[in-house]
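Each chain gets a letter, A, B and so on, in the order its sequence line appears, and its residues count up from 1. As the structure is a computational prediction, the values presented were derived from the model and not from experiment.
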Amino acid sequence: MRRNEEVALLLDNIAELLMLKNENPYRIRAYTTAAQNIRALSEDIEEIARQGRLDDIPGVGKALAAKIREYLETGRLRYYEQLKQEVPIAAVDLLEVPGIGPARAHTLYVSLGITTIPELLEAAQQHKLRDLPGFGPKVEERIAREAARLAQRTRRLLLGVALPIAEEVVALLRSHPALEAIEPAGSLRRMKETIGDIDILVASRQPEAVTEAFTHLPIVREVLATGATRPSILTRDGLQVDLRIVAPDDWGSALQYFTGSKDHNIALRGLAQERGWKLSEYGLFGRDGRRLAGRTEEEIYHALGLDWIPPELRENRGEIEAAREHRLPRLVELTQIRGDLHVHTDWSDGHDPPERLVEAAISRGYQYIAFADHSQSLGVARGLSPEQVRRQHQLIEELNQRYAPFRILHGAEVNILPDGTLDYPEEVLELFDIVTASVHSAFDLPRERMTARVLRAIQHPAVDILGHPTGRLLPSRPPYEIDLEPVLKAAAEHGVAVEINGQPDRLDLDDIWSRRAIDLGAILATNSDAHSIRQLENMRYAVATARRGWVEAQHVINSKELTDVLTWLERRAPARRRRWRMEDARR
DNA sequence: GCCGTTTTCGGCCCGACTGTTTTCAGTCG
């Protein structure tokens, strides 16, 4: 599956180079479409190639199939090498500058030899751009501004940062009398792991009144734009929030349009066009220009012969086909979650004591919680010594008495040591009801050793959950080198659940791998990894990621009743866990 | 470069905005 991404990336790179050559845009799109479709495959592209079925992939015809085959067989692609000779690959960076698209980038490097953003900035400041065809003083000015801004680039926001702010704005505006509907749109509504802009959509017949209220909210630091359709503010935290105000009649088509993704919308408009119809933010229109749908999203999807598609799936990764064939997944919902299996207490690096966490979990409506404090070798997080584990075990037994029928599982987040062994001896591991095994050290092992390390841990009979399987931290730390495919297969085989860690900077597994995991038959655990009561809220981000990965409740272990979870925990170590059965019998 | 119950050639997503134009190209979302 790693090769799928490799091939997709190759095609995307070619598309960018073709842009710089100012090639036929449809030819360019053929490459990006093919890349997109390859990413959406649930099958290994090497396997598909071996069976000679490459041109069965939508968007892949004879020419692309040959290129993909060449790349898979030889590790390189002559066409791409040649293209790189013709076009300076560094110039791809220019496309990131707002105001520069394929045509201007082409002009820049052909006539001035500019390939980097610093070069661009310098040329703009020396007024070398304004006389180029398609440029002018205004464009030059804008490019100078944007290039300078890009130098100190503003990052994309984490979902966990953007969503609470958007919800605050929505809550503040919701009761305004001029407002008929309000909803976050864009990547936020799709719950992408990072968000570019915070876009909020409003339906109103009095846009001026809404704009007035919006630009005077208490959280406003600065008003960036007023105007009746698209006011924009900077919040006190320095985040930009754009409001889009549309007529109530257009609500459905506008919400659909502004939710995206771009690729999903393009595909949808393609469907409309096949029938001679037209789809835009103002509605779905027939050949005669009569409006067929637009008041609600459902109307639009149904008119196109589709089931309504949950926003999290709208990435053009097969959801449109599934909607047509009425086989969209019934995505897991936050309300179906019955417990949290990864919570830290103040015994290690959490902030709150076990009792308060239990009470918070009960008030969230959970049936169970698993404490998962760190293991002994993780000094920075005050990992628990075997002696502390024994004391914590006693405490948890007491708490179980006090809070029954709510159940506290004694767990641990046990380090997977570099050789794949676990960070406690067997007699300590036996004390736990549930063990999450995670990598917290030696992140830079070579791929094969890292994979072997994690595989060994999965095979250990004490391990129940594989914690944050790639170790990535958004946006700074990339995943460590690991081959997830065999890891997920092994997890499926041994009944080890794979975590979707809900910390906003982890979301690990991510959406794509979560989907792959359930395809391989693995079960998942959506966990908060909370280090405080407040962070129990991270569960929603774990669930959101699962939903983006087409995950249903049946795939999520902590959506199951306590008794089912206990049965699952017995699968490998019946003796160790038999006492649960005995206690249950006594209750 | 892909694709086909109107097509193997001629299409390929839509609308708004901006600035550079004197009728429209380029960019964006």
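Spacing of C1' atoms, dT20(B) relative to dA25(B), comes out at 9 Å, to the nearest Å. Between dC2(B) and dT7(B), the distance separating the two C1' atoms is 14 Å to the nearest Å. Atom name P, nucleotides dC3(B) and dC13(B): the rounded distance is 13 Å, in whole Å. Here, dG1(B) and dT8(B) have their C1' atoms 14 Å apart, quoted to the whole Å. Spacing of P atoms, dA16(B) relative to dT21(B), comes out at 24 Å, to the nearest Å. Atom C1' of dG10(B) sits at a distance of 24 Å from the matching atom of dG15(B), rounded to the whole Å. As rounded to the nearest Å, dT23(B) and dC17(B) have P atoms that lie 23 Å from one another.
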Sort me out a list of protein N/O and nucleotides 6-8 of chain B N/O pairs below 3.5 Å, or just none if empty.
none

Show the distances under 3.5 angstrom between N or O atoms of the protein and N or O atoms of nucleotides 1-3 of chain B.
residue : atom : partner : partner atom : Å
dG1(B)  : OP1  : R27(A)  : NH2          : 3.0
dG1(B)  : OP1  : Y31(A)  : OH           : 3.3
dG1(B)  : OP1  : K67(A)  : NZ           : 3.0
dG1(B)  : OP2  : R27(A)  : NE           : 2.9
dG1(B)  : OP2  : R27(A)  : NH2          : 3.2
dG1(B)  : O5'  : R27(A)  : NE           : 3.4
dG1(B)  : O6   : N24(A)  : ND2          : 3.0
dC2(B)  : OP1  : G61(A)  : N            : 2.6
dC2(B)  : OP1  : G61(A)  : O            : 3.3
dC2(B)  : OP1  : L64(A)  : N            : 3.1
dC3(B)  : OP1  : G59(A)  : N            : 2.9

Polar atom pairs (N or O), protein with nucleotides 17-19 of chain B, under 3.5 Å:
none

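Across all strands shown, nothing is found opposite dT8(B) as a Watson-Crick or G-U wobble partner with both distances under 3.5 Å.
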Open item on the list: Please evaluate residues F214(A) and I233(A) with respect to the criterion side chain to side chain contact (heavy atoms under 4.5 Å, CB included), reporting the C-alpha separation (whole Å), side-chain torsions for both, the decisive distance (0.1 Å), and the verdict.
Closed with: CA-CA 8 Å; F214(A) 174 64; I233(A) 59 155; 3.4 Å; yes
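Here I28(A) lies out of heavy-atom contact (under 4.0 Å) with every strand. As judged by a 4.0 angstrom heavy-atom cut-off over every strand, P25(A) is placed among residues making no nucleic acid contact.
One interatomic measurement links the two molecules: CD1 of I143(A) to C1' of dT27(B), which rounds to 11 Å at whole-angstrom precision. One atom, CG of L94(A), and another, C1' of dG26(B), lie 16 Å apart when rounded to the nearest Å. Between L284(A) atom CG and dC13(B) atom P there is a gap of 16 Å when expressed in whole angstrom units. Rounding to whole angstrom units, CZ of residue R130(A) and C1' of dT20(B) are separated by 14 Å. Between the P atom of dT20(B) and the CG atom of L132(A) lies a distance of 12 Å, rounded to the nearest Å. To the nearest angstrom, C1' of dG11(B) lies 11 Å from CZ of R29(A). For the pair K192(A) NZ and dG29(B) C1', the interatomic distance rounds to 14 Å; values are reported in whole Å. To the nearest angstrom, C1' of dG29(B) lies 16 Å from CG of L188(A).
In this structure, dT7(B) is classed as syn because its glycosidic torsion stays within 90° of zero.
A side chain to side chain contact (heavy atoms under 4.5 Å, CB included) with L201(A) holds for exactly one of T259(A), L243(A), V246(A), D242(A); it is V246(A). When each of R78(A), E6(A), R76(A) is checked for a side-chain hydrogen bond (donor to acceptor under 3.5 Å, both in side chains) with Y71(A), only E6(A) meets the rule.
Applying the side-chain hydrogen bond (donor to acceptor under 3.5 Å, both in side chains) test to pairs two or more places apart or on separate chains, those with a residue in residues 243-255 of chain A are D249(A)-R295(A), D250(A)-R291(A). Pairs of residues two or more places apart, or lying in two chains, that qualify as side-chain hydrogen bond (donor to acceptor under 3.5 Å, both in side chains) and include a residue from residues 81-95 of chain A are K21(A)-E86(A). Pairs engaging residues 324-336 of chain A under the side-chain hydrogen bond (donor to acceptor under 3.5 Å, both in side chains) rule: D307(A)-H326(A), E325(A)-R327(A) [sequence neighbours left out].
Annotation: proximity of residues 269-283 of chain A to DNA chain B (heavy atom, distance under 4.0 Å) is found for R269(A), Q273(A), K278(A), L279(A), S280(A), Y282(A), numbered in ascending order. For the segment residues 293-308 of chain A, no residue has any heavy atom less than 4.0 angstrom from an atom of DNA chain B.
With no hydrogens or angles considered, no side-chain donor-acceptor pair links D511(A) and T545(A) at under 3.5 Å. Inspection of the Q503(A) and Y541(A) side chains reveals no N or O donor paired with an N or O acceptor under 3.5 Å. A donor-acceptor contact closer than 3.5 angstrom links the side chains of E140(A) and H127(A). Side-chain atoms of D12(A) and Q36(A) include no donor-acceptor pair closer than 3.5 Å.
Residues satisfying the salt bridge (charged side-chain N to carboxylate O under 4.0 Å, His left out) criterion with E167(A), sequence neighbours excluded, are R540(A). Applying the side chain to side chain contact (heavy atoms under 4.5 Å, CB included) rule to Y26(A) yields the partners N24(A), R29(A); only residues at least two apart in sequence or on another chain are considered. N501(A) pairs by the side chain to side chain donor-acceptor pair (under 3.5 Å) definition with E499(A), D529(A), not counting sequence neighbours. Residues passing the side chain to side chain contact (heavy atoms under 4.5 Å, CB included) test with V170(A), sequence neighbours excluded: R174(A), I182(A), P184(A), I200(A).
Counting non-hydrogen atoms of other residues, nucleotides and ligands closer than 6.0 Å to NZ of K278(A) gives a total of 12 or fewer. Atom CZ of R275(A) sits in a crowded spot, with more than 12 heavy atoms from other residues, nucleotides or ligands closer than 6.0 Å.
To the nearest 0.5 angstrom, W277(A) atom CH2 is 10.0 Å from L271(A) atom CG.
Residue-to-nucleotide proximity on DNA chain B shows that, of N265(A) and V97(A), the 5′-proximal contact is made by N265(A).
Residues I143(A) and F135(A) have side chains in contact (heavy-atom distance under 4.5 Å, counting atoms from C-beta outward).
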